[in-house]
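Structure first, commentary second.
Predicted, not measured: the structure shown is a model, and the values here were computed from it. All heavy atoms count here, side chains included; hydrogens, waters and symmetry mates do not.
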Amino acid sequence: MVSATDNSGMPGVSVVVKGTTNGASTDANGNFSLEAGNTDVLVVTFIGYVAQEVTVGDRSTINVSLREDAQTLNEVVVTGYGELRASDVPSAQTTIGAKAIERTVNTTVEQAIQGRAPGVYVTQNTGAPGGGISVNIRGINSINGSNEPLYVIDGVQVQGSTSTSGVNPLASLNPTDIESMDILQGPSATAIYGSRGTNGVVLITTKRGKAGDVRVNYSYLTSVQTPPKELEVMNLREYAQMFNEYKALAGGAIREDFLDPSLLGEGTNWQRELFNNAPMNKHQLNLSGGSESTRFYLSGEYLDQQGVAVGSGFDRASVRLNLDSKARKWLTLGANLNFAQTNEQISTTQFDIINNAIQLSPAIPVRNLDGTFGGGERRLNPDGSPDDAEQFTPANPIGLANIITNDMVRRRILGGLNATVNLAEGLEFRTSFNADYGTGAGTNFQPTYTFGFQRNIIARLDIRNETNTYWNWNQMLQYAKQFGKHSLTVMATHESQESTWQNTTLGRRGFNTNEVIDINAGEQNASQTTGGGQGDWAMESYLGRINYNFGDRYIIQGAFRADGSANFGPENRWGYFPSISAAWRVSEEPFFAVPVVSDLRLRFETGLTGNQGAGGNIYARLNPYPTPWGSGFLAANYPNPNFKWEETLTNNFGINLGLFENRVQLEADYYIKKTDNVIVRSSLPWYMGSTGNGSVQAPLVNFGALQNKGWSASLNTINMDKGDFKWESNLNISHFKAEVTQLYTESSIVARNAPDWYIQPLWSQRTVVGESPWFFYGFIEEGIFQTVEEVQASARPADSQGKPFPVGQNSVWVGDVKFRDLNGDGIINELDMTKIGSPWPKYFGGFTNDFSYKGFNLSVLLTGTFGNDVYNYVRFRNSNPNNINVGQNMFREARDYARVNTEGVLENPGTNVPRLSGGDVNKNFARHTSKYVEDGSFVRIKNISLNYNVPTTLLAKTRFVKGARVGVSAQNLYTFTKYTGYDPEVGSYVGPNIGNDNAPIGVDTGRYPITPIYSFNFGIDF
């Protein structure tokens, strides 16, 4: 039994002798065995393919080629708490199948969504192995809360999240185990999940066993990941030349080895030392099969991915077991269990290794002659004076990445049990219990080291242990009845769920040796630190749903859910989330006679979803605090007993159009989402104790209102289907725009500020009425002052008395930055700051083309975003020509700094780089400006894969090999972009020293880039 599309064997095809119950299912290679007479007729069926009837005759071997049926393909899709025929789905929903998932190299499941689902904006926050990914469905739904969707994995609900550590909560899930991902976007589909579905829902269904012989499959993937393009920093000759120029202007002795830069070589290329080719290997073994009454699927996986940057890596080992049993005619049992362990090395992202590699001087070697790691050194000038400039250089990044241990090991058990009882015809009761248990152990050891000036004289070890639990118990009663042209399904459900978390931290200093990484080896003194925390969350829910279908023409679905959350006080505990949707299949009407139109469906839906925020906000939590009389307690936050649900009302209008027997299929949606009672952490003045030692955190409050408008469209076409050749395409494009409509505060501003001691100067993203949340906030740069007259006629910074600084070489001068005076007061200060960019795209999408010929399949996937901005902080940080005085390297563009003679004449008027100046009175490099806001638009060749299924005729002589396939692929092959950094796909911040609440969005602070991956794979069926 083979597919007419690619001539590959098809497992699970049903073959039954017509008019009898005598039948069989095909194995993994499409083979079957069945006793039948010469006059018998075999009925061959498989969902999504045209059924065939074949007369046996005098043949002992029968070959059947099944053709895809465009009208019934993906006939049954998973919806919230049930299944529906695709033609009966009245809500906006996208399905991604196993074949599409397997065509790309995915270390985590979210990577398979990018470019394949309209309305879903996916960004990799970090290119580090196993790193975090942001998935945003239909715009921005919350200002301070999470915008990540809910993932439901075989009934286990997992809340998506992002973290500045770069850790991915879904990294434990093996993408190869997935049968399908159904992305619920419309309000009638998401409202059934109530307060957990406001950001969209991703239903993940893993593979199940099929009746028949035991199928054994082994597959192997090996990949080479290549380094990113190098950013243009100065080599040693250029560095020495600029160093000499600075000394000539500012005064001081020139280094003896820099006297003639032309004699020098390239020096150390720190980017080339940091980034290298890195391997990735994956082994997968599956066993599946069973009888008609009991079926199983068992899989094991081991993935080992080394990072292209030194100090990064990820490996995962996982085992999955899925069971289904028809224990009685009236009883069906099911179970699914997944165990996984992941190990992540995150030194590269957590110790600013990439930025260090850009900034470190090419005059410093990776290793000294004695084998120790190099660093900045004190040097003697020709006149005998000391030169200590290199004391300000960063530490050797290769040395740090090699000696620091920063690992996170996680173990996770995820699974559930379910039972379905058929009480009567059409009436069934289903109960399920699902759980998620995870542990994590983090080890961060910073040993003593001496890299020249840069040294760490006291070793420190910090360990972290965490435990997370979640359980969900669901009871569902469902009645389905077909009477005439009427179809009715009624469902009622009760659900309870609870989650707990606990973590402990311990740190010690003063280790006598770097060789023993054990907490007991550290000194037990006042420097020892301990900490931890715990929390819980619970919710009880009641929900009901009615589906009505008349003649496959009129489809109505209504649902209502009530959630009671422990996050709220008694008066606000319950949230109520109704929804209704309707679809009219115009093409099924007797009066509709348009031969070219095979399907026309109009849809409307409206629904309410919610967000309950974080727990514990109605109370003033107590934290331990040292006092002169021993440990005491201090309120951690201001309580808010009136804290209540954030609510989102969504209206959705949709159309499905099929042409030419569904060879052309268009699906389009337009939506309006209005969020009220937006949850935001309040801002309190300092005199209320909200800052400083012993401060009390401001409360979470219901702060304002937000509106999202957007649309998405998907076009599926069968461009050619002749003989053995088939060409299919999918094009999807989406747009959303979020706007804050109300803020209930006097200032009407919500600021997201990164600490200025880490991102200097203070980085701020703001939310105000009339704009999208979290736009970039800074100054508008209008170029470089060209003449003295221009400086005199322009606004300038002011002194402490409010008077503009004078014009002069040691003050504001030609070659300084000209900032726009927005309020026209003649002074440049914080009142001239404004919106300078937005991290959100105007459009995003994907384009897939699949070509198949006999056993070959070629797939090409393009992804892209358009209209979003990226703040290139790496460029801001490394374009300051004055950094040459502190021994730091920088971008080549800094060499073109403004050269001004003593008369105030600019000798290179085309430059946009400010002059060298010791005092920087004008704050040329102390303000974030529009100059470093770059277009983040890109089109990426995400994946090209070529696979070949070995014909069964070539394997017929083997006794144990029933199928084989080989393939090659290239991922992230090339990116078309104007962005000047490593990679334009910049999401939420990943790195040290910044929490999730104030993490920058769309700011490149030295992000670990996404790089090309070249792979070879093969699979064997036994």
Side-chain angles (χ1 to χ4, degrees), residues 232-268 270 358-364 376-394 452-453 783-788 790-791 805-818 875-926:
E232 292 191 4
V233 298
M234 294 188 295
N235 62 29
L236 182 56
R237 288 187 300 275
E238 296 163 334
Y239 180 85
Q241 180 64 38
M242 190 166 178
F243 179 88
N244 294 346
E245 291 175 6
Y246 181 87
K247 291 297 184 181
L249 289 172
I254 296 177
R255 286 174 50 170
E256 186 172 8
D257 52 343
F258 284 1
L259 289 175
D260 188 353
S262 65
L263 300 178
L264 300 174
E266 295 291 315
T268 302
W270 287 102
I358 295 171
Q359 292 185 325
L360 201 54
S361 164
I364 297 174
E377 300 285 354
R378 165 171 285 186
R379 303 175 186 276
L380 292 178
N381 293 314
D383 61 2
S385 62
D387 181 358
D388 293 339
E390 288 185 352
Q391 65 179 304
F392 301 106
T393 63
F453 271 119
I784 300 297
F785 285 124
Q786 303 291 307
T787 65
V788 175
E790 185 182 13
V791 180
F805 283 111
V807 177
Q809 283 184 310
N810 296 322
S811 184
V812 183
W813 191 236
V814 177
D816 284 336
V817 174
K818 182 179 180 179
R875 183 167 159 243
F876 168 83
R877 185 176 179 181
N878 297 292
S879 297
N880 184 354
N882 296 288
N883 286 345
I884 197 74
N885 188 45
V886 291
Q888 294 183 7
N889 200 6
M890 62 203 73
F891 289 157
R892 279 200 174 105
E893 67 179 86
R895 297 170 60 209
D896 190 30
Y897 59 87
R899 289 171 168 80
V900 187
N901 63 25
T902 55
E903 285 76 31
V905 176
L906 183 62
E907 297 177 347
N908 55 335
T911 185
N912 65 352
V913 182
R915 67 187 177 118
L916 291 169
S917 60
D920 195 16
V921 174
N922 195 53
K923 297 186 177 180
N924 296 324
F925 291 96

Exercise for the section: Report yes if some heavy atom in the side chain of Val814 is under 4.5 Å from a heavy atom in the side chain of Val791; otherwise report no. Expected result: yes
Practice task
Find out whether Phe392 and Asn885 are in side-chain contact, i.e. whether some heavy atom of one side chain is under 4.5 Å from a heavy atom of the other.
Solution key: no
Handout entry: Heavy-atom donor-acceptor pair, Ser811 side chain to Phe805 backbone, under 3.5 Å
Key = no
Practice task
Please say whether the positively charged group of Arg895, taken as NZ for Lys or CZ for Arg, lies over the ring of Tyr897, i.e. under 6.0 angstrom from the six-membered ring centre and within 45 degrees of the axis.
Solution key: no
Practice task
Check the pair Leu236, Phe258 against side-chain contact (heavy atoms from CB on, under 4.5 Å), reporting the backbone distance first and the verdict last.
Solution key: CA-CA 9 Å; Leu236 182 56; Phe258 284 1; 4.1 Å; yes
Practice task
For Lys247, look at atom NZ and say whether over 12 heavy atoms of other residues, nucleotides or ligands are found less than 6.0 Å away.
Solution key: yes
Completion exercise
Heavy-atom nearest pair, Arg892 first then Asn235, reads NH2-ND2, 3.9 Å
Problem - Val817 backbone acceptor or donor facing Asn924 side chain under 3.5 Å - result: yes
Problem - Asn810 atom CG, over 12 foreign heavy atoms within 6.0 Å - result: no
Practice task
Ignoring hydrogens and angles, tell me if any N or O in the side chain of Arg237 forms a donor-acceptor pair with the backbone of Leu264 under 3.5 Å.
Solution key: yes
Exercise for the section: For the pair Asn908 (side chain) and Gly910 (backbone), establish whether a donor and an acceptor sit closer than 3.5 Å, ignoring hydrogens and angles. Expected result: no
Practice task
Determine whether Thr393 and Phe453 make a side-chain contact, defined as any pair of heavy atoms from C-beta on separated by less than 4.5 Å.
Solution key: no
Handout entry: Whether Phe876 and Phe925 hold their rings parallel, tilted or perpendicular, with breakpoints at 30° and 60°
Key = tilted
Exercise for the section: State whether the side chain of Gln359 and the backbone N or O of Gln888 hold a donor-acceptor pair below 3.5 Å, judged by distance alone. Expected result: no
Handout entry: Asp816 side-chain N/O to Trp813 backbone N/O, donor-acceptor pair under 3.5 Å
Key = yes
